[in-house]
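I have placed the structure first, in the form of structure tokens, so that the comments after it can refer back to it.
Quick caveat: nothing in here was measured; it's all calculated off a predicted structure. To find a chain, count down the sequence lines: A is the first, B the second, and so on, and within it residues start at 1.
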Amino acid sequence: MATERYNAREVEARWQKIWNDKDVFVTVNDDPRDKYYVLEMFPYPSGRIHMGHVRNYAMGDVVARFKRARGFNVLHPMGWDAFGMPAENAAMQNKVHPKDWTYENIATMRDQLKIMGLSLDWSREFATCDVGYYTQQQRLFLKFLEAGLVYRKNAKVNWDPVDMTVLANEQVIDGRGWRSGALVEQRELTQWFFKISDYSEDLLDAIETLDRWPDKVRLMQKNWIGRSEGLRVRFEFATPAPTGDKTLEIFTTRPDTLFGASFMGLSPDHPISVKLAEDNAELKAFIDECRRVGTSEEAIEKAEKKGINTGLRVKHPLDSSIELPVYVANFILMDYGTGAIFACPAHDQRDLDFARKYDLPVRPVVLPKGADAAAFSVDDEAFTDDGTIFNSDFLDGLSIADAKEAVKKKLEDMNVDGAPQAERQVNYRLRDWGISRQRYWGCPIPVIHCDDCGVVPEKDENLPVELPHDINFDKPGNPLDRHPTWRDTTCPKCGKPAKRETDTMDTFVDSSWYFARFTAPDCDQPTDPDAANGWLPVDQYIGGIEHAILHLLYSRFFTRAMQKVGALDLQEPFKGLFTQGMVTHETYRQGEGANGRWVSPAEIRIEEVDGNRHATLLDSGEEVTIGSIEKMSKSKKNTVDPTDIIDTYGADTARWFMLSDSPPERDVIWTEDGVQGAWRFVQRVWRLIGEITDKSELRGGSAPETDGKALDLRRASHKTLAAVSSDLEGLGFNRAVARIYEFVNAISKAVNDGIEDDAHEYAVREAANFLVQMIAPMMPHLAEECWSALGHDNIISEAKWPSVDEALLVEDSITYPIQINGKRRGELEIAKDASKEEVEAATLALDFVRKALEGAQPKKLIVVPQRIVNVVV
RNA sequence: GCGGGCGUGGUGGAACUGGUAGACACAAGGGACUUAAAAUCCCUCGGCCCUAGGCUGUACGGGUUCGAGUCCCGUCGCCCGCACCA
């Protein structure tokens with residue numbers, strides 16, 4: 001074979017055809033081997049694959065191919081998260097039907113994925129907008145409805161009064177609609193909800209069992225669910241409330257600070273606020289202003305703390321001589337607790353900001369450890385750490401925890417307006433999941449509104465409720481609403497004319513069970529429970545950290561809900577989770593400030609002059625500014641098209657580069673130099689394998705002798721194999737790559753120095769085989785080509801992972817670094833099984849140690865077995 | 001604003017549970033081969049000091065420890081999420 005250059009384009013296409021023709025990656029459900037389910041978060045078909053996809057799918061493919069080689073029956077499917085807003089935006093902008101736009105994108109992206117050479121079972125592919133998929137989703141919805149997991153209630157949406165349409169949070173920019181620029185209002189609509197709150201406690205507790213999830217994701221989910229133990233306290237009104245209520249009910253997690261109470265706060269949406277606003281113009285204006293901030297928690301929290309004094313007053317439950325004013329405040333959420341709070345400014349930053357603005361009292365009641373009670377005051381920073389209660393009557397001197405308990409006990413036993421003054425309550429931050437979307441391109445909610453029977457589920461035999469194709473986006477709003485006939489149907493209950501629900505489902509619903517559907521993609525029910533229970537949970541799920549909370553939490557809820565309706569029998573969908581980092585790239589900009597424009601990497605050339613990098617435009621030679629490194633995005637034009645890279649260098653090179661260097665959980669910077677380095681490595685491996693086959697074909701080496709150079713190389717082979725195996729097991733792709741580089745250096749040296757004898761030749765052949773097998777999960781095409789060149793008659797995609805000879809890993813001596821006072825001053829080589837005493841004696845006998853000691857005894861001699869020795873003088 | 005994370009040479013990074021900081025790679029510089037270029041191979045490569053060698057160094061400032069990139073406190077910078085983007 002000699003040294004012709006490796007032609008990636010020709011080789012990759014050839015092997016992809018072979019895999020395809022042989023159905024190598026088609027998985028059958030009844031295979032007797034142990035199962036392993038690898039899944040990467042499926043892509044939204046935005047138009048073209050981007051580098052983030054390449055990274056994500058390259059990682060998943062390594063796991064899939066590695067586990068396959070290790071003897072597992074691997075399920076590795078792919079599909080499309082295909083409903084969503086971009087298709088509607090495209091329809092509005094380019095007059096293209098969302099369905100056509102979506103399926104064209106899918107076709108393009110499927111081709112792009114195929115040239116990556118992924119070991120996917122394409123026979124299981126589906127898109128969430130396939131009628132076959134959303135039919136089953138409607139069926140699941142009806143089962144959830146029957147099981148009491150679905151209900152309707154009023155909820156707020158962002159309303160664009162000019163476009164007459166509901167806006168997503170991302171479409172609201174500084175309180176205005178992104179297209180119309182109109183001030184956004186809030187509107188209440190009756191919407192569909194999933195009762196995820198039924199599972200708050202379970203979803204929280206079960207996080208403990210997810211030991212193969214990143215700690216940060218588990219922590220984020222815990223905080224998101226937000227369990228808090230607190231107290232529901234009823235404050236008696238000192239002035240009559242407009243609603244006729246005798247008491248104002250609040251929720252607090254800090255009853256210990258009750259003596260620091262300065263005012264009461266109501267959400268702008270609280271019934272009392274709304275009632276008062278009826279004949280208070282100032283308050284009404286304020287509430288309207290709050291409603292223009294938007295519905296997102298972020299917007300509400302970031303807004304300046306503001307409020308209006310209602311003139312109402314309540315009595316302090318522990319000291320009736322104190323009356324507290326009641327404010328309507330913009331930072332209080334109606335969805336959390338009771339929509340009302342008591343404010344203790346000294347120990348809550350939001351309350352403090354508010355109190356300072358309106359000149360309300362700030363009375364500290366928690367004293368920091370060691371502080372002087374007489375001198376302690378709170379200025380602009382609330383004190384939220386631990387301390388001792390003071391200024392608080394019977395609570396003085398107690399710890400926070402004890403004071404909480406004391407207040408709870410006391411208030412529980414008190415009565416106001418014929419009921420206990422307070423009750424203990426466990427509160428969750430997690431809210432029910434609103435799934436209604438007033439949009440066309442989503443799964444229709446299969447219910448019918450009948451004037452006589454009310455809301456009626458569609459009959460199972462009438463499914464699917466199919467999206468009509470004859471719609472247009474000439475006008476804003478939901479095309480389903482104004483379709484001339486689609487809404488018209490008959491009531492499944494009474495048979496009279498009735499109207500269909502026009503809301504479609506949140507696309508998070510689509511992605512909350514696709515992993516289960518892959519186990520039986522053609523089943524005429526949502527799942528085949530046997531298949532689902534056999535394959536699930538997903539053993540390794542890989543995707544972006546941006547999904548750490550919502551998608552993963554919804555999928556966990558869905559799995560429980562599906563268990564409840566008998567679709568499958570497990571709670572947790574994802575056993576192992578891995579969140580990979582983003583792909584970033586330098587940015588380039590021509591011109592300054594507002595007149596500047598972003599320039600794509602393909603348009604420029606980089607040169608180095610006197611150690612400084614300069615970028616110039618390819619066509620005009622004009623200088624371009626090199627900017628910061630940012631996440632690849634269309635808006636900054638710092639994207640690199642994977643197809644271009646694969647055309648130039650091949651899929652293996654692109655995959656290898658995505659896996660080398662950067663740890664997979666961290667961001668990776670795409671650089672041209674890096675790709676070229678990867679490409680050179682591809683060539684290097686090919687050349688090395690060529691040399692080995694040339695040099696060793698004359699000999700018949702088959703004697704695994706174990707001494708000299710042959711032994712050294714075999715040790716390196718088995719050590720590398722052991723290390724790479726465990727790196728791949730733990731998704732340490734970059735570490736595996738570094739070890740493979742080292743290994744290639746070692747093999748090259750052995751080959752260049754000349755193959756000495758049969759034993760050495762055996763070792764070189766073994767090393768070559770190991771090398772090819774170790775790169776196979778990452779660069780499968782190159783590996784197949786090398787494997788074939790090495791004379792194997794099977795394909796490497798079906799070859800078994802080699803096994804490590806443990807005997808070759810054992811070392812008989814060890815080199816200890818010797819520290820003097822914590823600084824390394826030399827080394828000690830000694831038998832690996834030397835006792836602590838022997839190591840100590842040998843250390844003290846070393847020249848530089850004796851010199852440092854100057855005849856004295858060491859103050860301390862620390863020997864960490866197999867690690868290090870530290871002499872303290 | 002709240003929650004979560006990250007920060008190591010010119011660059012990407014390595015360093016298992018607190019134990020030799022900079023493995024491996026990229027870039028750069030020097031050399032070999034070549035008519036020349038590409039490719040390939042060899043050498044150097046955190047900073048400072050005069051070498052042997054030493055000092056210093058993991059965003060910044062403190063602390064715990066025989067020993068800190070790793071643990072703790074504070075500061076700065078960047079990134080992700082915040083429930084209708086996917």
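Taking a 6.0 Å sphere around CG of A/Asp174, one finds it holds 12 or fewer heavy atoms contributed by other residues, nucleotides or ligands. Heavy-atom neighbours of A/Asp753 CG from other residues, nucleotides or ligands within 6.0 Å: above the threshold of 12. Remark: A/Lys153 NZ is packed, more than 12 non-hydrogen atoms of other residues, nucleotides or ligands lying under 6.0 Å away. Atom NZ of A/Lys357 has more than 12 neighbouring heavy atoms from other residues, nucleotides or ligands inside a 6.0 Å radius.
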Worksheet item: Should A/Phe383 and A/Glu381 be marked as a side chain to side chain contact (heavy atoms under 4.5 Å, CB included) after you check the CA-CA gap, both sets of side-chain angles, and the distance that decides it?
Response: CA-CA 6 Å; A/Phe383 176 72; A/Glu381 206 170 317; over 6 Å; no
Worksheet item: What's the verdict on side chain to side chain contact (heavy atoms under 4.5 Å, CB included) for A/Arg684 and A/Val744, showing C-alpha distance, side-chain angles and the deciding distance?
Response: CA-CA 9 Å; A/Arg684 189 174 176 204; A/Val744 168; 3.8 Å; yes
Item to complete: Decide yes or no on side chain to side chain contact (heavy atoms under 4.5 Å, CB included) for A/Arg655 and A/Tyr57, but give the supporting numbers first.
Response: CA-CA 9 Å; A/Arg655 294 168 55 130; A/Tyr57 302 138; over 6 Å; no
Item to complete: Applying side chain to side chain contact (heavy atoms under 4.5 Å, CB included), run through A/Phe83 and A/Cys443 and close with a yes or a no.
Response: CA-CA 8 Å; A/Phe83 275 134; A/Cys443 173; 4.2 Å; yes
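Nucleotides B/U8 and B/G22 place their C1' atoms 8 Å apart, quoted to the nearest Å. Rounded to whole Å, the separation between the C1' atoms of B/U58 and B/U11 comes to 16 Å. With both ends at atom C1', the span from B/C73 to B/C26 equals 38 Å, rounded to whole Å. A distance of about 28 Å separates the P atoms of B/G69 and B/C79, rounded to the whole Å.
For A/Arg437 and A/Asp506, the salt-bridge test passes: some basic side-chain N is under 4.0 Å from an acidic carboxylate O. Ion pair A/Glu297/A/Arg429 flagged as a salt bridge, since at least one NZ, NE, NH1 or NH2 atom sits closer than 4.0 Å to an Asp/Glu carboxylate oxygen.
Following rounding to the nearest Å, A/Arg680 (CZ) and B/A38 (C1') show an atom-to-atom distance of 12 Å. Atom-to-atom, OH of A/Tyr741 to C1' of B/C26 comes out at 9 Å; the value is rounded to the nearest Å. The distance from atom CD of A/Gln676 to atom C1' of B/A39 is 13 Å, rounded to the nearest whole Å. Across the protein-nucleic acid pair, A/Ile862 atom CD1 and B/G19 atom C1' stand 10 Å apart, rounded to whole Å. Atom CG in A/Asp215 sits about 14 Å away from atom C1' in B/U17, given to the nearest Å. A/Arg687 places its CZ atom 11 Å from the P atom of B/A39, with the value rounded to the nearest Å. Rounded to whole angstrom, the span from the CG atom of A/Leu688 across to the C1' atom of B/C41 amounts to 14 Å. With rounding to whole Å, A/Phe743 atom CZ is found 16 Å from B/C24 atom P.
Side-chain atoms of A/Asn223 stay outside donor-acceptor range of the base of B/G3, with no qualifying N/O pair under 3.5 Å. In the interface, the side chain of A/Asn870 is paired with the base of B/C66 through a donor and an acceptor atom under 3.5 Å apart.
B/G81 shows a glycosidic angle more than 90° from 0 and is accordingly assigned anti.
Judged by Watson-Crick or G-U wobble contacts below 3.5 Å, the nucleotide B/G53 has B/C49 as its partner. Using N1 to N3 plus N6-O4 or O6-N4 for Watson-Crick, or N1-O2 and O6-N3 for G-U wobble, each under 3.5 Å, B/C2 pairs with B/G81. Using Watson-Crick or G-U wobble geometry with both donor-acceptor distances under 3.5 Å, B/C66 finds its partner in B/G19. Across all strands shown, B/A59 forms a Watson-Crick or G-U wobble pair, both distances under 3.5 Å, with B/U75. Look at B/U44: its Watson-Crick or wobble partner, with both distances under 3.5 angstrom, is B/A28.
Residue A/Arg666 has a polar side-chain atom (N or O) positioned under 4.0 Å from OP1 or OP2 of B/A14. Using a 4.0 Å cut-off, no side-chain N or O of A/Lys216 falls inside it from OP1 or OP2 of B/G4. Between A/Asn734 and the phosphate of B/A25, there is no side-chain N or O to OP1/OP2 separation shorter than 4.0 Å.
Contact annotation for A/Asp353: no contact, since no heavy-atom pair falls under 4.0 Å across all strands. Among the protein residues, A/Leu219 comes within range of the sugar-phosphate backbone only, with heavy atoms under 4.0 Å from sugar or phosphate atoms but none that close to a base. Nucleic acid contact for A/Arg739: none, since no nucleic acid atom lies under 4.0 Å from a heavy atom of the residue. At the heavy-atom level, A/Val872 lies under 4.0 Å from the strands shown only through sugar-phosphate atoms.
Where A/Asp661 and A/Val869 each meet RNA chain B at their nearest nucleotide, the meeting point lying more 5' is that of A/Asp661.
A cation-pi arrangement is absent between A/Arg218 and A/Trp213, since the terminal nitrogen or guanidinium carbon is not both under 6.0 Å from the aromatic centre and inside a 45° cone about the axis. Relative to the six-membered ring of A/Phe354, A/Lys306 misses at least one condition, a distance below 6.0 Å or an angle of at most 45° to the axis.
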Every protein N/O within reach of nucleotides 47-55 of chain B N/O, cut-off under 3.5 Å:
| from | atom 1 | to | atom 2 | distance (Å) |
| --- | --- | --- | --- | --- |
| B/C55 | OP2 | A/Arg825 | NH2 | 3.1 |

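Defined by atom type and a distance below 3.5 Å, a donor-acceptor pair is missing between the side-chain atoms of A/Asp163 and A/Ser180. For the residue pair A/Glu829/A/Ser813, the side-chain donor-acceptor check at 3.5 Å is satisfied.
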Fill in: Protein-to-nucleotide contact annotation, 5' to 3' order, nucleotides 77-86 of chain B [B base; S sugar-phosphate only; - none; under 4.0 Å, heavy atom]
--SSSBBBBB
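Of the residues in residues 724-731 of chain A, none lies under 4.0 Å from RNA chain B by heavy-atom distance.
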